[in-house]
Amino acid sequence: MPALGCCVDASVSPPLGYTFSLDSSLPSPAPELFSSGVTAAAGSHWSPEMSSDLYRVDGWGAPYFSVNTNGYISVKPHGTDTLPHQEIDLLKVVKKASDPKNLGGLGLHLPLVVRFPDVLKNRLESLQSAFDMAVDSNGYEAHYQGVYPVKCNQDRFVVEDIVKFGSPYRFGLEAGSKPELLLAMSCLSKGSPDALLVCNGFKDTEYISLALVARKLLLNTVIVLEQEEELDLVIDISRKMAVRPVIGLRAKLRTKHSGHFGSTSGEKGKFGLTTTQILRVVKKLDESGMLDCLQLLHFHIGSQIPSTALLADGVGEATQIYTELVRLGAGMKFIDCGGGLGIDYDGTKSCDSDVSVGYGIQEYASTVVQAVQFVCDRKAVKHPVICSESGRAIVSHHSILIFEAVSASTTCHVTPQLSSGGLQTLAETLNEDARADYRNLSAAAVRGEYDTCLLYSDQLKQRCVEQFKEGSLDIEQLAAVDSICDLVAKAIGVADPVRIYHVNLSVFTSIPDFWAFGQLFPIVPIHRLDEKPVMRGILSDLTCDSDGKVDKFIGGESSMPLHELGGDNGGGYYLGMFLGGAYEEALGGLHNLFGGPSVVRVLQSDSPHSFAVTRSVPGPSCADVLRAMQHEPELMFETLKHRAEECIEQEEDDKGLDFASLTDSLAQSFHNMPYLVAPSSCCFTEATANNGGYYYYNEDNAADCATVEDEICVFVLKDAVESRGLVPAISIAACVIVLTIKMKLKLGKHLQKYFELGSLRGRIFSLQPSFGTRTMVMFLRPVKILLRSYGLSGSLLCSLPRVGTTSSALGEDGVLDIDTTISLETTWRAMENLVSLELVRSIGISNYDIFLTRDCLAYSKVKPAVNQIETHPYFQRESLVKFCQKHDICVVTAHTPLGAAAANTEWFGTVSCLEDPALKDLAEKYKKTVAQIVLRWGIQRNTVVTPKSSKLERLQENFNVHDFELTKEDMNLVKSLDRNYRTNQPAKFWGIDLYA
């Protein structure tokens with residue numbers, strides 16, 4: 001029996017018991033690995049320019065992305081205006097984001113979305129500039145003002161940036177739902193007063209009422225009729241609200257384009273009115289005396305309009321409708337072209353593809369302007385203001401998804417080595433039909449009949465699979481047959497050389513459009529582009545789903561050129577998906593509970609690396625995604641902790657993890673992102689730091705919370721204390737009692753005895769932990785559960801008293817040792833996140849003067865509910881109190897309402913308002929103590945006073961301030977005592993004067 005052989009890589013280990021002889025009956029061709037011409041020849045010349053051509057970077061990436069001389073992807077944040085020193089090395093951004101904090105990084109896990117607001121600004125300016133040029137060059141007698149459809153990317157900072165960057169150009173927003181409308185109303189309150197707020201989508205009474213409220217708030221709101229029946233609601237509600245609406249209508253055009261994106265246009269489109277319906281709308285508006293309210297015509301040819309010829313046809317048809325509406329008496333002013341400005345995803349500039357377009361921004365703008373102008377001039381109609389909703393074109397480029405390939409495997413079997421004796425033994429185990437196939441295969445190999453070899457190879461494999469199923473062939477023998485058949489395919493040159501690269505990503509979460517309808521995005525390694533990519537691969541994600549892969553790429557390829565893993569000094573292999581800034585983040589799901597990526601916001605700067613990270617947000621943790629599906633991670637952790645305690649107690653030896661290490665590891669698993677982490681980051685080790693089993697602990701906040709006893713002030717209304725017999729029954733007071741609890745983070749057992757007071761239900765609690773915002777999240781979640789378990793549905797009022805580590809006092813250089821990397825605004829943003837997570841209802845500020853308060857009001861989305869300050873008769877701060885009350889900071893809290901001298905003369909001095917003769921006279925007049933006079937004065941000036949005392953008689957005294965009232969003359973007398981004397985002086989206990 002002839003031996004079947006081939007040239008075999010000697011470094012490949014064969015299956016157990018088999019080797020191949022090296023005599024070759026089949027020639028070994030050297031097939032090209034890449035259809036694009038890239039071969040695996042070692043040592044051949046390669047350059048970054050060749051990689052740029054291979055991945056078509058200059059085609060789809062211009063003018064924002066290129067390959068630099070080091071073989072890295074470079075970002076040009078200002079497009080063609082970017083200077084050489086302003087270019088940003090994308091790999092350096094990834095390193096900054098992902099490196100550990102102790103190495104100067106941000107400690108974020110991948111996948112990662114990198115946003116470049118400078119690119120966003122340049123896209124918006126380029127669009128405006130293109131239309132301005134078209135208007136000027138054609139003598140068009142109106143202007144262009146864009147509208148951004150927030151559905152493309154509703155991220156707060158994206159929308160806010162567009163409003164800010166677009167304000168000089170009257171750039172507006174488009175909303176298609178009630179939440180989007182609320183978002184747009186809020187953002188446009190800080191935008192141009194001329195910016196349009198276009199209300200699209202299906203509408204009910206509430207939607208239309210909200211749009212009319214926006215009109216009442218002087219926002220330039222247009223209600224676009226998508227359905228004929230919406231008109232009756234608009235007419236009726238506008239009359240009831242006494243608001244004159246501005247109305248638009250969406251027309252169904254006959255013009256449409258083929259392909260996926262064209263399905264939203266034409267007569268059978270989802271939205272819009274036919275010509276018959278348009279005439280009925282005009283008639284009804286005329287009969288209602290509101291025809292002048294009809295001012296905007298909206299239409300949509302379809303996303304990704306492939307050519308300017310189709311664009312001109314559709315715009316011409318729509319403008320004809322516009323001129324007819326003018327003829328019928330409508331007060332027309334605007335023509336809204338909708339979406340359609342396409343993105344060249346594959347760099348081919350083709351008119352025959354769903355992933356490319358055959359024009360640029362300037363050609364698009366010129367075509368629109370000329371088409372509108374031609375029809376209007378022919379009809380002698382005044383040129384309308386031109387609008388477009390080019391969301392995809394505005395936001396696609398500014399966002400890059402970065403992910404890592406963690407391993408790779410081949411789609412074909414490893415080719416082993418079999419000796420002639422091994423082949424003989426294998427052949428004897430085959431049934432007669434399989435042996436016949438093997439003999440025929442060998443004969444065809446000798447004759448060089450390659451097609452016949454493949455035929456008999458397939459038959460042999462199929463028969464052996466049947467024998468394996470019957471149990472007459474073992475797994476080693478089946479593997480040997482598979483290897484023989486793969487060897488034949490490889491030697492003939494038909495073997496599949498494609499590898500599967502396993503990437504730390506969820507396609508369903510981060511690239512949903514690819515999974516949904518095959519939308520292609522350029523995917524490129526962001527480094528090693530000075531090396532030849534010698535492999536081809538497809539990308540397989542982490543989900544347990546066969547659709548969780550990317551196996552179609554730009555250029556019509558079913559695989560992409562990639563490098564061997566392990567290069568670049570053994571570092572990670574990072575890939576970037578580009579042009580995904582529109583829709584992908586909004587449409588992503590939670591398949592397999594993989595959440596969204598981490599996000600960094602990067603601005604070009606004059607720093608050594610040309611960039612600054614202005615915002616970083618870790619991706620959702622395992623706990624976050626569990627909570628999104630209605631699970632309660634805190635309770636899950638407690639269940640697992642109790643289970644661990646029971647199981648470990650049953651073990652007789654001390655091997656493996658102890659209870660503390662195990663619970664710490666479980667806690668860390670809830671805290672981590674769902675994606676893969678490096679082995680060194682694995683949390684199930686005995687070295688894991690002890691957190692007492694407390695949920696959401698990690699090494700970043702260990703310094704804040706592991707050893708420090710935090711003081712928590714639980715303010716409860718007086719009748720909670722009544723139930724313990726501390727004071728007699730009196731009316732609910734404006735002042736509150738302070739219960740001070742020295743405690744570590746296991747707060748449940750410390751607070752539980754207070755919460756067991758039945759009269760606490762429905763009351764208000766103010767929690768003031770003195771730790772950072774990250775620890776605040778971990779602190780509040782179990783508190784919320786604890787409150788819920790006792791039926792306490794009142795508000796949680798939370799304030800962070802400071803930024804930095806002021807308890808560390810002075811550094812070695814004599815300067816206060818505080819954290820200079822965290823601003824008050826950053827802290828406030830983190831506190832606003834607590835509100836969005838529904839962990840607190842209200843957030844507040846402490847010791848803010850007028851200017852800090854003004855700044856907070858300027859940058860806050862959730863306004864502070866409280867400003868807690870030192871104020872008493874000797875330090876009244878009337879201007880600050882009135883400023884807060886004027887700007888709806890509802891509660892001004894006096895944390896030192898009696899002055900602090902009586903409590904600690906060493907820290908707070910000996911001057912006390914309680915010794916003031918005028919106040920003593922008032923006390924004698926009203927038969928009260930001086931402290932009661934001062935507290936009553938604070939209450940009558942509409943501040944909340946919070947005196948602290950550990951003595952029962954003082955607590956009772958502080959409550960007895962509601963059975964009398966100071967006269968206006970006496971209030972003025974106390975007002976005259978102001979000395980502007982601050983008793984709370986950090987210089988005394990921190991060693992530095994903060995108020996210098």
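Index from 1, following the sequence.
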Closest approach of Leu626 to Pro633 (non-hydrogen atoms, all atoms of both residues): CB-CG, 4.2 Å
Over 12 non-hydrogen atoms of neighbours within 6.0 angstrom of NZ in Lys151: no
Phe875 versus Tyr981, closest heavy-atom pair with distance: CB-O, 3.1 Å
Trp937 and Gln876: CA distance, side-chain angles, deciding distance, side-chain contact (heavy atoms from CB on, under 4.5 Å) verdict: CA-CA 11 Å; Trp937 169 80; Gln876 297 185 20; 3.6 Å; yes
Test side-chain contact (heavy atoms from CB on, under 4.5 Å) applied to Val892 and Leu880, step by step: CA-CA 9 Å; Val892 177; Leu880 174 59; over 6 Å; no
Polar side chain donor-acceptor pair, Gln956 to Asn960, under 3.5 angstrom: no
Polar side chain donor-acceptor pair, Ser621 to Asp624, under 3.5 angstrom: yes
Electrostatic pair Glu878-Lys882, nearest N-O below 4.0 angstrom: yes
Other residues, nucleotides, ligands: >12 heavy atoms within 6.0 Å of Lys861 NZ: yes
From CG (Leu935) to CG (Asn958), nearest 0.5 Å: 5.5 Å
Note, Arg936 side chain near His962 side chain (heavy atom, < 4.5 Å): yes
Arg615 atom CZ: more than 12 heavy-atom contacts under 6.0 Å: yes
Gap between atom NZ of Lys641 and atom CG of Leu666 - 0.5 Å precision: 10.5 Å
Distance under 6.0 Å and angle within 45° of ring axis: Arg979 vs Tyr874: yes
Straight-line distance of Ile850 CD1 to Asp855 CG, nearest 0.5 Å: 12.0 Å
Ion pair check, Arg601 and Asp155, cut-off under 4.0 Å: no
Worked verdict on Leu210 versus Met185 for side-chain contact (heavy atoms from CB on, under 4.5 Å): CA-CA 9 Å; Leu210 194 58; Met185 290 168 63; 3.9 Å; yes
